[in-house]
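Taking it in order: structure first as structure tokens, then the write-up.
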Amino acid sequence: MNIDGKTQKYGLIGNPVEHSVSPMIHNFLADKMKQNMVYSTFQVNSEDLGNAIDGAHALKIQGLNVTVPYKTEVMKLLSTIEEDAKIIGAVNTLVYQNEGYHGRNTDYEGLYLAMKSDGIDISNEHIIILGAGGAARAAVYMCMKYSDYPIYILNRTKSKAEKLASEMNQFFNRTQVTTFAMNEYKEIPEIQKGYVAIQTTSVGLYPNIYDVVIEEEDFYKLLHTGYDVIYNPVKTEFMNRVESVNGKSYNGLKMLLYQGILAYETWRNLDVPGEISNEVLKKMKEELHEKA
Ligand code: NDP
């Protein structure tokens, strides 16, 4: 990497950010795509978020990713926001424009591309979503954008699931999403083909690697595939449970990969070839293995 006077600057804003794999993703892409750019992290305190965005814009930082806990809060600081990010209620990618930053959400499309690359055709699946937080909002939006089949949301706090369902049903103008509390999963009708479950809660995240939102085996028997958005640990307890009843399971590493690829493509106005995406994924796996 040759940093000179023309090097364009990118980065990640959040708190904490020091363990993020995003710098690896983007600097590796820059190297492979022969782009004169650099990507680093910026740990920002909550009271400094406005100043950080203004300062980044003044410094002409060309693009930023935004992570926990600012994906929603940052929205009021942007000059324009894409329609889908508004509905999801979260932005994870900022693009420099003269008048201010433009906000996008690449998480939902990242999840779509990840599932597609794992052979899951969402347009042909009945879906169960565990959780109703930020990642769930992106997942529900993605499922409704690409599929007309029923979607069931299970969440510990049922009122949060109801709010999410009502907003999405209203936006898409159809009653596709139904909600239950986590322990009401028996209300979900059994179907011969089985469901794809997308696990979007933070339960099972390192270091609580033996935790799972639903213990009962009967729940896992409803599924043919389980998709966890968590990638640390690489094999979550949710994935173990799905596999124990002969389901297929995947972690969230590819979602992370593709949200990054999509951000990179937006910033640099180019397409990243599939073989380079695969190289990034390989490097991410090595990196996470090293940290584990
Ligand atoms: P939020 O804080 O917005 O939502 C957390 C969700 O987890 C809520 O549904 C919450 O339920 C549920 N939850 C938390 N603790 C418990 C518990 N003890 N029992 C039952 N449910 C619980 O988080 P996000 O949606 O932003 O993130 C969730 C996960 O997704 C994180 O692990 C994050 O790392 C991952 N993620 C991965 C991405 C990727 O690219 N692979 C992208 C984005 C996120 P309740 O409403 O009842 O509180």
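Note that ligands are numbered from 1 as they come in the structure, with each ligand's atoms numbered from 1 the same way.
In this structure, the protein non-hydrogen atom closest to atom 5 (C) of ligand 1 is Ser202 OG, 4.1 Å. Annotation: atom 29 (C) of ligand 1 to nearest protein heavy atom, Thr200 O, 3.6 Å. Ranking protein heavy atoms by distance to atom 42 (C) of ligand 1, first place goes to Met255 CE, 3.8 Å. Ranking protein heavy atoms by distance to atom 34 (O) of ligand 1, first place goes to Leu205 CD1, 4.6 Å. Among all non-hydrogen protein atoms, the one lying nearest atom 4 (O) of ligand 1 is Gly133 CA, 3.4 Å. Of all protein heavy atoms, the one closest to atom 43 (C) of ligand 1 is Lys71 NZ, 3.9 Å. Atom 25 (O) of ligand 1 has Ala135 N, 2.7 Å as its closest protein atom, hydrogens excluded (heavy atom only).
When non-hydrogen atoms are compared, ligand 1 lies under 4.0 Å from the backbone of Arg156 as well as from its side chain. Using a 4.0 Å cut-off between heavy atoms, Thr201 contacts ligand 1 through both its backbone and its side chain. With a 4.0 Å cut-off on non-hydrogen atoms, Asp211 does not touch ligand 1 at all. Under 4.0 angstrom from ligand 1, the non-hydrogen atoms of Thr157 come from both its backbone and its side chain. The part of Ile230 lying near ligand 1 is the side chain, judged by heavy-atom distances below 4.0 Å. Contact annotation: for Val229 versus ligand 1, heavy atoms closer than 4.0 Å belong to both the backbone and the side chain.
Look at Glu190 and Lys221 and you find no salt bridge, because none of the NZ, NE, NH1 or NH2 atoms lies under 4.0 Å from a carboxylate O. A salt bridge links Arg137 and Glu167; the closest N-O separation between the charged side-chain nitrogens and carboxylate oxygens is under 4.0 Å. Taking the charged nitrogens against the carboxylate oxygens, Arg104 and Asp84 have no contact shorter than 4.0 Å, which rules out a salt bridge. Ion pairing between a basic and an acidic side chain is recognised when a charged N comes within 4.0 Å of a carboxylate O; Glu243 and Lys235 show such pairing. Electrostatic pairing of Glu82 and Lys86 does not count as a salt bridge here, judged by no charged N lying under 4.0 Å from a carboxylate O. Using a 4.0 Å cut-off between charged side-chain N and carboxylate O, Lys254 and Asp118 make a salt bridge.
Every atom of ligand 1 with a heavy atom of Gly131 under 4.0 Å away is listed here by number and element: 9 (O). Ligand-side atoms of ligand 1 in range of Tyr231: 41 (N), range being under 4.0 angstrom from any heavy atom.
For Tyr101 (side chain) and Ala56 (main-chain N/O), a donor-acceptor pair under 3.5 Å exists by modelled atom type. A distance-only check finds no donor-acceptor pair linking the side chain of Lys158 to the backbone of Arg156 [under 3.5 Å].
In this structure, atom 2 (O) of ligand 1 has its sub-4.0 angstrom surroundings free of protein heavy atoms. There is a protein heavy atom closer than 4.0 angstrom to atom 40 (O) of ligand 1.
Between Tyr195 and His126, the ring planes lie perpendicular to each other; the angle is over 60°, past the 30° to 60° tilted range.
Checked by distance only, ligand 1 and Gly134 come closer than 3.5 Å through their nitrogen or oxygen atoms. The shortest N or O to N or O distance between Ala132 and ligand 1 is below 3.5 Å. Looking at ligand 1, you'll find an N or O of Asn155 within less than 3.5 Å of one of its N or O atoms. Between Gln259 and ligand 1, not a single N/O pair is under 3.5 Å apart. For the pair Val203 and ligand 1, the shortest N or O to N or O distance does not fall below 3.5 Å.
Ile127 places none of its side-chain heavy atoms less than 4.5 Å from the side chain of Tyr152.
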* **Stepwise salt bridge (charged side-chain N to carboxylate O under 4.0 Å, His left out) test for Lys186 and Glu216** => CA-CA 10 Å; Lys186 289 194 171 94; Glu216 291 92 328; 5.2 Å; no
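Heavy-atom minimum distance, Thr200 versus Gly131: OG1-CA, 3.6 Å.
The ring of His26 has its center no closer than 6.0 angstrom to the ring center of Tyr10.
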